[in-house]
Amino acid sequence: MLTWWRSKSQAERFEFYTRASFYGYVLFAPLFIGSFVKVDIGLYPALTIAALTVVHTVVCFLLVRTGIGHYLGQRPRPVRLMVLGGALTVVGVGAGFAVYPGRPDGPASAVLLVLAGCYIAALSTTIRPRWSAVAIVLACGVAVAAGQGNVAIALGGMLLGVVFAYRSSLWMLGVVRELDRARHVQAGLAVAEERQRFARDLHDVVGRTLSVVSLKAELAAQLAKRGRTEAVDEMLEVRRIAQDSLAELRSIVGGYRAAGLPAELAGARALLASAGITCRVVGEAADLPEPVQGTLGWVVREGTTNLLRHSEARTCTVTLRCAAASVLLEMENDGAPPGPVPFGGGLIGLTERITALGGTVTATRPSAGLFRLSVELPLS
């Protein structure tokens, strides 16, 4: 149960709490009415009231469930359940007054209070508040017409509070779900922005180089047509530019132009902050050799991308520990989904790159909801 709860996002937990509180109020009805049912007037009338109460509770439960779905835009309006619930309420209240006539504070009053209260509360999840107010006035009017003035006051006060609580909870549930969707969109935009940055770097380097190669090749072609020996030199220059471009392209693909680790950590912190994730960096990276910084910077970029795409993280901690012969970088975040750690293309590529340099990569779950990426790299 605890593992199941931790696997849920904050929005899913709030929705579960809201639904459970709504259902609990409706399911309380049979217990409350059962404490007032008397069998001294006969077993069959008492069983009739009990049966009507149970059926009424089931219908109200279904009405609450589909009403919440309707409010969130997931289900159509449950018209049949609304009509059936209203009919059962009328029949149940009428049966209560028929079986237990006379006393203003007797079982009939309890039947009216509970059945009308549960139905109008369930109905408020799928109709506008003004129509809920009309339903409350009608229920109070029935109580007054039956000579139950005190019950009418209690019913009106109770229903105003319940309907207000239901509608407020539904409004908050809608806001929480909207914020959760916005957070996922924001995380997706952050990843897209990182990809655009890579695309700009690729365009700046490769586009410029290809333009020079095109001009040089055209010049060499013109010189060759004229029989000029300079054409050979121009083609050799084209080859040199192409080789330099290939090396620069590999540098971009391997590390987005090898930037220092401090700059990559600052970029990751800003990127995560834009997605609503708090990032804390422990340790210093300025004294590391430049090749090591470039490799670990690529690790930070890959880890940040995986965090945004595959978790519901709220916090992330990047820890850097330097020893005499090696350096250890750990990225730990919460909000990780349950189950084994899947090694996708990103982690596989990261492992191959680090292993080729004599390092190690481990991805573990130290506890439920946590994910830790550890990379140890030799300093030599």
Side-chain angles (χ1 to χ4, degrees), residues 190-268 270-271 285-306 308-309 318 320 322 325-329 331 343-361 373 375-380:
V191 174
E193 184 178 353
E194 182 70 7
R195 290 174 176 172
Q196 287 180 351
R197 184 171 75 89
F198 171 74
R200 287 194 299 267
D201 287 350
L202 193 63
H203 176 269
D204 291 343
V205 174
V206 179
R208 177 196 63 204
T209 304
L210 290 178
S211 298
V212 175
V213 167
S214 176
L215 292 174
K216 288 284 188 180
E218 185 177 357
L219 176 59
Q222 294 297 329
L223 292 174
K225 287 180 180 179
R226 298 173 187 176
R228 303 278 295 274
T229 58
E230 291 88 343
V232 177
D233 296 331
E234 292 296 335
M235 290 307 299
L236 291 175
E237 181 69 11
V238 168
R239 185 183 66 177
R240 185 191 64 79
I241 294 174
Q243 290 174 342
D244 292 344
S245 175
L246 180 60
E248 199 166 8
L249 178 61
R250 287 172 176 169
S251 175
I252 293 174
V253 173
Y256 290 15
R257 282 184 184 162
L261 182 57
E264 291 299 337
L265 289 172
L271 184 64
D287 297 333
L288 294 174
E290 184 176 345
V292 175
Q293 288 197 31
T295 303
L296 294 180
W298 187 70
V299 173
V300 170
R301 283 192 295 272
E302 181 65 30
T304 302
T305 301
N306 286 339
L308 291 171
R309 294 181 61 185
V318 182
L320 196 66
C322 297
S326 64
V327 58
L328 176 65
L329 185 144
M331 292 186 67
F343 265 70
L347 285 179
I348 292 175
L350 179 65
T351 303
E352 293 173 350
R353 180 182 177 89
I354 298 300
T355 303
L357 298 175
T360 58
V361 177
L373 175 65
V375 174
E376 186 172 7
L377 196 66
L379 290 176
S380 58

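We're numbering straight along the sequence, starting at 1. This structure is a prediction, so every number in the text was calculated from the model and none was measured.
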Just distance, no hydrogens or angles: give the donor-acceptor pairs under 3.5 Å from side chains in residues 226-237, sequence neighbours left out.
from: R228; atom 1: NE; to: E230; atom 2: OE1; distance (Å): 3.3
from: E234; atom 1: OE1; to: K216; atom 2: NZ; distance (Å): 3.4
from: E237; atom 1: OE1; to: R240; atom 2: NE; distance (Å): 3.4
from: E237; atom 1: OE2; to: R240; atom 2: NE; distance (Å): 3.4
from: E237; atom 1: OE2; to: R240; atom 2: NH2; distance (Å): 2.5

| message | Working note: L373 + L350, criterion side-chain contact (heavy atoms from CB on, under 4.5 Å); need CA distance, chi angles, decisive distance, verdict. | response | CA-CA 11 Å; L373 175 65; L350 179 65; 4.1 Å; yes
Looking at [X] and [Y], what are the two nearest heavy atoms and their distance?
{"X": "A268", "Y": "T304", "answer": "CB-OG1, 3.5 Å"}
{"X": "V318", "Y": "M331", "answer": "CG2-CG, 4.0 Å"}
{"X": "T355", "Y": "T351", "answer": "OG1-O, 2.6 Å"}

| So do the side chains of T295 and V375 get within less than 4.5 Å of each other, counting heavy atoms only? | no
| message | Run the side-chain contact (heavy atoms from CB on, under 4.5 Å) test against S326 and tell me which residues pass, sequence neighbours left out. | response | A323, E376
| task | Taking side-chain contact (heavy atoms from CB on, under 4.5 Å) as the test, write out the residues that go with L379, two or more places apart. | result | L288, P289, V292, V327
Gap between atom [atom2] of [Y] and atom [atom1] of [X] - 0.5 Å precision:
{"X": "R353", "Y": "L377", "atom1": "CZ", "atom2": "CG", "result": "10.0 Å"}
{"X": "L265", "Y": "L329", "atom1": "CG", "atom2": "CG", "result": "7.0 Å"}
{"X": "L296", "Y": "L328", "atom1": "CG", "atom2": "CG", "result": "9.5 Å"}
{"X": "L223", "Y": "E218", "atom1": "CG", "atom2": "CD", "result": "11.0 Å"}

